[in-house]
Structure formats: structure tokens, C-alpha cells
Amino acid sequence: MNSILKLFHPHRLAVLICVLLAISAEAAIYKWVDENGQTVYSETPPPRGTSATRLKDAPPPPVDPNEAMNSLRSRADAFEKRQEERSNAENETQQSAEREKQTRENCERLRKNLETLSNNPQVREKTGEDDYRVVPEEERQARIQETRERIQKECNN
């Protein structure tokens, strides 16, 4: 019983199938018309002097299974590498788009703050839940200058 199971081991079974396919596919197939006008299909060449068409060429010589496995592994590795590179590129593009969005939103907030600071001589800011304080003029001017510098540095214009 064990010897039968060993015979059907997946690697041996694969090799056996390859050998059987190679044996069955080795011969070429010829087509010709015989002296009686009948169309003949055969794996053997026609008699001398008879015109024949070769329908199927003999297959290429069998491939070494180890060589085929190595080639398959190499292709699979290359495929996985390309998939990983594509995924990394997509992630980088997505992260870049997110950074650009955050920059645009930040610049918009800075511009609104600058507009508020510049157009209102008395700026109030919240100090508690219901408490506000008026920002002194000197502090307001310092904030205007700081906001302009940040816009110039961070917003590319």
C-alpha cells in the first residue's frame, strides 16, 4: 500500500504526466491523398513521391523539470517585485496627494487668519469657554508679520 502511495507523490505524478504527454505528442501528423483518392492522416510520412502536408510538427525536446521550476520561481519573484513596486508607487502618490491637500487647507487657514488680523483693528481671541480678550496692537502686528512669513514659506506664493 505504501509503495502505491509513493508512486502517486505529487512530484512523481507531475513528471509521469510530462513524460506521457511528451511521448504522445512526439510524432508529427501528415495529411495526403492516396492513389485511390482517399485523404489519409498518419503519424508516419507518406510513401516516396507522394505530396503531403505536415499538420503538426514534433514538439520541442522535453524540458528539465528543475530548470522549468527555477524559471517559474524566477518569473513569480519578478512578478511579486513588480507588484510591490506598483503598490509602493501608489502609496507614495496617495501620501503625496494627502500632503498637498493638507498644505492647501493650512494655507487657506493662514490666509483667513491674515485677513482677519489685517482688516480688524481690534481682534478678540477666546481665552476660556465664555471669556475673550482684545489682542494688543503690538501683538496683532507681530502676528500679521508672522502669518505673512508662514504664507510665503509654506504656500509657495
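Numbering starts at 1 and runs along the sequence shown. On a predicted model such as this, the values are computed, not experimentally measured, just so you know.
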(Q) Any carboxylate oxygen within less than 4.0 angstrom of a Lys/Arg side-chain nitrogen, looking at Arg140 and Glu137? (A) yes
Q. Is any NZ, NE, NH1 or NH2 atom of the basic residue among Arg143 and Glu138 found under 4.0 Å from an Asp or Glu carboxylate oxygen of the other?
A. no
(Q) Please give me the minimum heavy-atom distance between Leu110 and Thr147, naming the atom from each residue. (A) O-CG2, 3.4 Å
Q | Lys126 side, atom NZ; Tyr132 side, atom OH - distance, nearest 0.5 Å | A | 4.5 Å
Q) Salt bridge between Arg104 and Glu108, side-chain N to carboxylate O under 4.0 Å? A) no
**Q.** Heavy-atom side-chain contact between Met69 and Arg73 under 4.5 Å
**A.** yes
Q) Between Asn120 (side chain) and Thr116 (backbone), is there a donor-acceptor pair under 3.5 Å? A) yes
Q | Separation between NZ of Lys31 and OG1 of Thr39, rounded to the nearest 0.5 Å | A | 6.0 Å
(Q) Under a 3.5 Å distance rule, please check whether Ser74 uses its side chain to pair with a backbone N or O of Asn70 as donor and acceptor. (A) no
Q) Does the side chain to side chain contact (heavy atoms under 4.5 Å, CB included) test come out yes or no for Arg111 and Ile151, once each step is laid out? A) CA-CA 7 Å; Arg111 287 186 182 104; Ile151 290 172; 3.9 Å; yes
Q. If you measure from CG on Asn113 to OG on Ser118, what distance do you get to the nearest 0.5 Å?
A. 10.5 Å
Q: Applying side chain to side chain contact (heavy atoms under 4.5 Å, CB included), run through Leu114 and Ile144 and close with a yes or a no.
A: CA-CA 6 Å; Leu114 179 61; Ile144 289 172; 3.8 Å; yes
Q) Would you say Glu85 has more than 12 foreign heavy atoms packed within less than 6.0 Å of its CD? A) yes
**Q.** Inter-residue atom distance Arg99.CZ - Gln102.CD, 0.5 Å rounding
**A.** 9.0 Å
**Q.** Over 12 foreign heavy atoms within 6.0 Å of CD, Gln94
**A.** no
Q | Chi angles and distances behind the side chain to side chain contact (heavy atoms under 4.5 Å, CB included) call for Asn106, Arg150 | A | CA-CA 10 Å; Asn106 188 41; Arg150 286 189 61 197; 4.0 Å; yes
Q: Please answer whether the main-chain N or O of Gln38 pairs with a side-chain N or O of Asn36 as donor and acceptor at a distance below 3.5 Å.
A: no
(Q) Can you tell me how far apart CG (Leu117) and CD (Gln141) are? Round to the nearest 0.5 Å. (A) 9.0 Å
Q | Salt-bridge present (Arg133, Glu139; N to O < 4.0 Å) | A | yes
**Q.** Glu84, CD: over 12 other non-hydrogen atoms inside 6.0 angstrom
**A.** no
Q) Ser87 and Arg82: side chain to side chain contact (heavy atoms under 4.5 Å, CB included), yes or no, with the steps? A) CA-CA 9 Å; Ser87 177; Arg82 286 191 307 273; over 6 Å; no
Q. To the nearest 0.5 Å, what is the distance between CD (Gln83) and CZ (Arg86)?
A. 5.0 Å
Q) Is Arg75 atom CZ crowded by more than 12 heavy atoms from other residues, nucleotides or ligands, each under 6.0 Å away? A) no
